[in-house]
Amino acid sequence: MASLPVCGPEGPLRAPEGAPHPPPVRAVLFDFSGTLFQIASYADRIRAALDSPVGEAAMDAMLAGLEAGLAQPAVVAAQRGRDVSATAHRHAFTTWYASVPALAPVADALYEQLRSPDHWRPYADAAATLDELTRRGVALGVVSDVGWDLRPTFARHGLDRYFSVWVHSFEHGTEKPDPALFGYACRQLAVAPAETLMVGDHPAKDGGAAGSGLRSYVLPAGAAPGSVRGLDAVLRLVLPPGA
């Protein structure tokens with residue numbers, strides 16, 4: 001007979017003898033921004049959007065204005081449900097950009113930069129990690145809260161070939177951590193949620209995959225574009241080579 005677990009205030013202190021092991025990870029779902037890719041800095045994007053050179057003081061003022069704009073009631077209201085449609089996504093970002101008077105004339109241009117593959121850079125360890133996962137026979141998908149099709153961006157950087165499933169929130173009318181998005185990805189990959197790992201950088205949205213029966217791995221925020229993201233940790237959570 002298996003022994004009963006000893007419980008503390010937060011649950012069992014140890015698993016009972018004979019408890020089943022979780023199944024191996026056979027599929028990995030990746031978030032996009034902040035996980036596999038990062039966009040150029042706001043300062044670089046603003047300089048690219050404006051016709052005239054921008055001094056450091058003026059740039060600092062615009063960046064401070066963007067930060068302050070996040071608290072404006074109109075901007076806050078525009079963010080609600082921003083990823084459920086392409087229209088809502090554009091409205092959310094252009095409303096925020098336009099909250100800075102100097103950026104209002106280029107709000108649409110700044111938004112188009114989001115959609116442009118040339119403004120995004122994969123993290124330095126993205127390709128190697130995806131290549132190794134593919135070599136091990138792990139199925140890969142993208143699940144992202146986004147307002148446009150990500151495939152051209154992945155293709156621009158040669159990373160689209162690793163993925164067989166693309167789940168864009170705006171195409172499903174809902175956002176992570178809605179189980180519908182994770183469930184759809186698992187069905188398309190023909191894997192059970194318990195065999196699937198969600199990798200992202202948002203504790204509630206990506207970590208929320210656990211509520212749908214998946215495993216989740218949340219990366220720390222703040223990695224600079226083109227830097228090493230620490231994605232090699234994903235390899236230690238999936239099937240070992242040759243398994």
Side-chain angles (χ1 to χ4, degrees), residues 30-127 142 144-160 168-170 175-176 200-202 204-206 219-231:
F30 284 95
D31 176 48
F32 166 59
S33 176
T35 300
L36 291 176
F37 284 81
Q38 187 56 272
I39 198 167
S41 71
Y42 278 110
D44 288 342
R45 292 173 54 204
I46 288 170
R47 289 191 172 96
L50 293 173
D51 293 330
S52 303
V54 181
E56 291 302 319
M59 179 61 69
D60 288 344
M62 285 186 281
L63 294 176
L66 282 174
E67 185 174 353
L70 290 170
Q72 292 185 13
V75 176
V76 172
Q79 306 310 305
R80 299 190 186 103
R82 77 179 190 191
D83 298 313
V84 302
S85 73
T87 300
H89 195 272
R90 176 181 285 273
H91 174 68
F93 278 92
T94 55
T95 299
W96 176 41
Y97 300 147
S99 69
V100 179
L103 298 179
V106 294
D108 286 327
L110 288 170
Y111 184 79
E112 288 305 316
Q113 290 176 353
L114 282 178
R115 294 165 50 90
S116 170
D118 291 335
H119 284 274
W120 291 92
R121 292 180 60 191
Y123 286 107
D125 49 347
V142 172
S144 178
D145 283 348
V146 70
W148 71 96
D149 190 332
L150 296 173
R151 282 169 286 197
T153 298
F154 279 74
R156 169 67 177 78
H157 298 279
L159 301 182
D160 59 316
H168 304 110
S169 63
F170 81 98
E175 302 168 310
K176 294 181 292 187
D201 67 323
H202 195 291
K205 289 179 174 287
D206 301 310
L219 294 155
S227 64
V228 173
R229 190 68 175 98
L231 292 167

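Inter-residue side-chain proximity for Thr35 and His202 is flagged as unmet; no heavy-atom pair is nearer than 4.5 Å. Between His89 and Arg115, the closest side-chain pair of non-hydrogen atoms is not below 4.5 Å. Residues Asp145 and Phe32 fail the side-chain proximity criterion, which asks for heavy atoms closer than 4.5 Å. Under the 4.5 Å side-chain criterion, counting only non-hydrogen atoms from C-beta, Trp120 is in contact with Ser33. The side-chain heavy atoms of Glu175 and Val84, taken from C-beta on, include a pair separated by under 4.5 Å.
For the pair Gly147 and Ala86, the tightest heavy-atom approach, listed with the atom from each and the gap, is O-CB, 3.5 Å. Contact detail for Asp125 and Ser227: the closest heavy-atom pair is OD1-O, 4.1 Å. The shortest non-hydrogen separation linking Ser99 to Gln72 is CB-OE1, 3.5 Å. Of all heavy-atom pairs between Met59 and Ile46, the closest is CE-CG2, 3.8 Å. Between Arg229 and Ala223, the closest heavy-atom pair is CD-CB, 3.5 Å. Between Arg156 and Pro117, the shortest heavy-atom distance links the atoms CB-CB, 3.6 Å.
Using a 4.0 Å cut-off between charged nitrogen and carboxylate oxygen, Asp31 and Lys176 count as a salt-bridge pair. With salt bridges taken as basic N to acidic carboxylate O contacts below 4.0 Å, one links Asp108 and Arg90.
Between Trp148 and Phe93, the ring centre distance reaches or exceeds 6.0 Å.
Formation of a donor-acceptor pair under 3.5 Å by the Asp206 side chain with backbone atoms of Asp201 is found in this model. Between the side chain of Arg45 and the backbone N or O of Leu110 there is at least one donor-acceptor pair closer than 3.5 Å. With Glu67 contributing its side chain and Leu63 its backbone, the two residues share no donor-acceptor pair below 3.5 Å. The backbone N or O of Asp83 lies less than 3.5 Å from a partner atom in the side chain of Ser169, making a donor-acceptor pair.
In Glu112, the CD atom is crowded: over 12 heavy atoms of neighbouring residues, nucleotides or ligands sit closer than 6.0 Å.
By the 30° and 60° cut-offs, the orientation of the rings of Tyr97 relative to Tyr42 is perpendicular.
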